[in-house]
Amino acid sequence: MIDIRAFRHEPRPFLDGAKRKGAFQQALDLLNADEEWRAHVASVDDLRAQQKIDGKPTPEQLDRLQEIKRKLKSAESELADAAARRDELLQQVPNPPHESVPDEDDAIRHWGEPPQLEHPKDHLELGRFDMERAAKVSGARFGYMVGDTALLALALYRFALDRLVARGVTPVLPPVLVREEAMYGTGFFPSEKHDYYEIPADGLYLVGTSEVPLAGLHMGEILEELPLRYCAFSSCFRREAGAAGRDTRGMFRVHQFEKVEMFVWSPPDESWDEFERLLAIEEELVQELGLPYRVLNIGAGDLSASAAKRYDIEAWFPSQERYREITSCSNTTDFQARRLGTRFRRDGKPETPHTLNGTAATGRWALAILENFQGEVPEALRSYGAPATVTR
RNA sequence: GGAGGGGUGGCAGAGCGGUCGAAUGCGGCGGUCUCGAAAACCGUUACGGGCCUCUGGGUCCGUCGAGGGUUCAAAUCCCUCCCCCUCCGCCA
């Protein structure tokens with residue numbers, strides 16, 4: 001959520017930002033709801049102050065105190081209503097985009113050359129994926145990766161983890177089943193609730209990304225030292241309810257995949273440097289694998305509510321003859337941290353840190369590797385257990 | 001899954017209807033002492049919100065796992081939920 005006090009103090013940047021993300025009216029409404037809320041806070045606080053008394057009250061005092069109690073009851077319920085309206089709007093006002101965010105997606109850089117292939121085979125023809133049996137066992141949009149293909153994917157995750165650890169990033173194997181609070185705190189709920197799997201019997205949810213358990217790690221804490229740089233390997237689960245009819249072939253878009261995700265807690269004044277560093281790490285990984293790609297500076301309208309800026313890397317997919325997303329990294333500034341209730345101490349005073357996240361490898365990378373090199377495996381992955389050539 | 005025991009400040013741990021945001025100890029920070037340090041001693045040390053502000057702060061309100069309730073008054077009494085620990089069972 002946004003910093004309501006900053007918004008109150010200087011509304012313009014937040015209103016402009018909300019406008020770019022299509023939530024101008026909500027921001028305007030919030031300003032009014034907040035003013036109303038503050039009026040109610042004042043009257044309730046005043047009544048409570050009158051209610052204070054040391055020791056036993058005299059009979060005359062008792063009459064007055066009972067009268068105050070009655071007034072308080074209605075004042076408190078009005079306050080609760082005002083707070084609910086304010087909070088609901090507060091959830092809807094997005095993090096303003098950074099000034100360098102364009103209106104439309106902007107390809108800021110290309111690297112590598114798409115391979116010249118007469119008749120490129122796609123990943124299903126190159127690797128060993130068993131989609132039919134997965135459908136039998138789990139349903140549509142699940143897949144088995146078998147043999148060399150499984151080894152390729154595992155080598156990829158281990159490679160990414162290894163490069164990150166070498167940079168001092170702390171590796172984590174997180175829980176992937178989380179409580180509702182973690183989903184709210186990270187901003188995936190309530191807006192995208194239908195996109196994730198729920199375990200009703202236990203009130204838990206399967207995470208769509210390990211960003212959730214990584215962000216949740218320091219929920220409600222006051223951190224003593226920043227930055228904190230983590231990466232996690234986990235399975236990710238997405239219902240992708242609205243995606244039917246698109247990318248249905250093979251493992252390109254499935255309900256379950258594995259991912260190595262980076263997550264950083266940063267002091268506010270360093271987060272834009274951290275952000276560029278995350279992108280640089282992603283590019284180095286993709287470059288070491290030799291995948292041709294482009295970098296997109298994502299347009300304001302495509303940003304999530306929490307992201308102030310986002311870079312995607314899109315790798316070339318020969319079978320589709322186009323660039324497709326393989327990473328996404330965002331600076332959510334203080335938006336997500338405030339919602340999580342995470343702070344850090346600087347000069348003895350608590351402040352809200354910035355959080356950032358970015359992809360360091362996913363199963364989709366394995367598809368890009370198969371398709372771009374038509375079954376040959378990049379040197380970098382061979383020491384992590386992948387065969388030189390993937391056979392089916 | 002069964003049976004017990006607990007959740008209080010950075011940590012440990014008192015308090016069990018008003019004088020309690022909360023004893024005491026440890027830790028942290030500042031100071032005295034010292035060539036310096038240790039020890040000792042003195043002081044200080046939770047978070048959030050509203051309003052005011054000479055941006056140093058002032059003032060009022062809230063917070064003792066979370067949410068409800070009883071009461072003029074709740075860390076203390078009642079209800080629901082969450083979490084942790086111990087023993088047994090089960091399991092990788």
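Below, chains carry the letters A, B, ... as their sequence lines are ordered, and counting in each starts from 1. The structure displayed is predicted, hence computed values, not measured ones.
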Chemist: Rounded to the nearest Å, what distance is computed from the CG atom of residue Asp46(A) to the P atom of nucleotide rC60(B)?
Modeler: 12 Å

Chemist: Is there a side-chain contact between Met262(A) and Thr359(A) in this structure, where contact means two heavy atoms from C-beta onward sitting under 4.5 Å apart?
Modeler: no

Chemist: Strictly distance-based, threshold 3.5 Å: is any side-chain N or O of Arg179(A) a donor or acceptor partner for the main-chain N or O of Tyr205(A)?
Modeler: no

Chemist: Quote, to the nearest angstrom, the P distance that separates rG25(B) from rU45(B).
Modeler: 15 Å

Chemist: Using a heavy-atom cut-off of 4.0 Å across all strands, would you classify Gln61(A) as base, sugar-phosphate, or nothing?
Modeler: nothing

Chemist: If you check the Ile222(A) side chain, which of rG50(B), rC72(B), rC47(B) turns out closest?
Modeler: rC47(B)

Chemist: Between Glu351(A) and Gln50(A), which has a closest nucleotide on RNA chain B that is more 5'?
Modeler: Glu351(A)

Chemist: List the steps, then state whether salt bridge (charged side-chain N to carboxylate O under 4.0 Å, His left out) holds for Asp269(A) with Arg346(A).
Modeler: CA-CA 12 Å; Asp269(A) 44 312; Arg346(A) 183 151 63 175; 3.0 Å; yes

Chemist: Looking at Lys69(A), I'd like to know whether one of its side-chain N or O atoms comes within less than 4.0 Å of OP1 or OP2 on rC72(B).
Modeler: yes

Chemist: Measuring only the P atom in each nucleotide, how far is rG30(B) from rC85(B)? A whole number of Å is fine.
Modeler: 37 Å

Chemist: With both distances kept under 3.5 Å, what pairs with rA40(B), Watson-Crick or G-U wobble?
Modeler: rU32(B)

Chemist: How many Å lie between CD on Glu36(A) and C1' on rG49(B), as a whole number?
Modeler: 18 Å

Chemist: Nearest whole Å is fine: how far is rG49(B) P from Asp3(A) CG?
Modeler: 9 Å

Chemist: Between rG7(B) and rA66(B), how many Å separate the two C1' atoms, rounded to a whole number?
Modeler: 12 Å

Chemist: Using atom P in both nucleotides, what's the gap between rG2(B) and rC11(B) to the nearest angstrom?
Modeler: 32 Å

Chemist: Strictly below 4.0 Å: does Arg345(A) bring a side-chain N or O up to OP1 or OP2 of rC47(B)?
Modeler: yes

Chemist: Taking for each residue the nucleotide of RNA chain B with the nearest heavy atom, is it Val44(A) or Arg38(A) whose nucleotide lies nearer the 5' end?
Modeler: Arg38(A)

Chemist: Could you tell me which nucleotide pairs with rU55(B) by Watson-Crick or G-U wobble geometry, both distances under 3.5 Å, or answer none if nothing does?
Modeler: none

Chemist: Would you mind pulling out the nucleotide paired to rC87(B), Watson-Crick or G-U wobble, both distances under 3.5 Å?
Modeler: rG2(B)

Chemist: Measure CD/Glu35(A) against P/rG49(B) and give the value in whole Å, please.
Modeler: 19 Å

Chemist: Considering every strand shown, what is the Watson-Crick or G-U wobble mate of rG62(B) when both distances are under 3.5 Å?
Modeler: rC47(B)

Chemist: Looking at Lys73(A), I'd like to know whether one of its side-chain N or O atoms comes within less than 4.0 Å of OP1 or OP2 on rU71(B).
Modeler: no

Chemist: Rounding to an integer number of Å, can you tell me how far Leu79(A) CG sits from rC60(B) C1'?
Modeler: 15 Å

Chemist: If the glycosidic angle sits within 90 degrees of zero it is syn, else anti. Tell me which applies to rG56(B).
Modeler: syn

Chemist: Are OP1 or OP2 of rC72(B) and a side-chain N or O of Arg70(A) less than 4.0 angstrom apart?
Modeler: no

Chemist: Measure from the side chain of Ala49(A), starting at C-beta and using heavy atoms only, and say which of rC60(B), rG49(B), rG48(B) lies closest.
Modeler: rC60(B)

Chemist: If the C1' atom of rC64(B) is compared with that of rG21(B), how far apart are they to the nearest Å?
Modeler: 8 Å

Chemist: Does Glu88(A) come within less than 4.0 Å of Arg85(A), counting only side-chain N to carboxylate O?
Modeler: no

Chemist: When we call it a touch if two heavy atoms are under 4.0 Å apart, what does Arg8(A) touch: a base, just sugar-phosphate, or nothing?
Modeler: sugar-phosphate

Chemist: Measure the distance from CZ on Arg86(A) to C1' on rG50(B) and round it to the nearest whole Å.
Modeler: 10 Å

Chemist: Quick one: is Arg48(A) getting a side-chain N or O under 4.0 Å of the rA73(B) phosphate, OP1 or OP2?
Modeler: no

Chemist: Ring centroid separation for His354(A) and Phe344(A), is it under 6.0 angstrom?
Modeler: no

Chemist: To the nearest Å, how far apart are Glu76(A) CD and rU63(B) P?
Modeler: 10 Å

Chemist: Among Glu283(A), Glu282(A), Glu276(A), which residue satisfies the side-chain hydrogen bond (donor to acceptor under 3.5 Å, both in side chains) criterion with Tyr311(A)?
Modeler: Glu276(A)

Chemist: What nucleic acid atoms does Arg64(A) come within less than 4.0 Å of, heavy atoms only: base, sugar-phosphate, or nothing?
Modeler: nothing

Chemist: Using atom C1' in both nucleotides, what's the gap between rU44(B) and rC26(B) to the nearest angstrom?
Modeler: 16 Å

Chemist: Any idea which of rG49(B), rC47(B), rG62(B) is nearest the Lys52(A) side chain?
Modeler: rG62(B)

Chemist: Centre of Tyr184(A)'s six-membered ring, under 6.0 Å away, within 45 degrees of the axis: is that where NZ or CZ of Arg339(A) sits?
Modeler: no

Chemist: Taking only the C1' atom of each, what is the distance from rC29(B) to rC83(B) in whole angstrom?
Modeler: 33 Å

Chemist: Given rC72(B), rG50(B), rC47(B), identify the nucleotide with an atom nearest to the side chain of Arg343(A).
Modeler: rC47(B)

Chemist: Using atom C1' in both nucleotides, what's the gap between rC84(B) and rA73(B) to the nearest angstrom?
Modeler: 32 Å

Chemist: Grab the CE-P distance between Met219(A) and rC82(B) for me, whole Å please.
Modeler: 16 Å

Chemist: Keeping the roles fixed (side chain from Asn372(A), backbone from Ala368(A)), state whether a donor-acceptor pair exists under 3.5 Å.
Modeler: yes

Chemist: I want to verify a distance call: between rA73(B), rC47(B), rG49(B), whose nearest atom is closest to the Arg5(A) side chain?
Modeler: rG49(B)

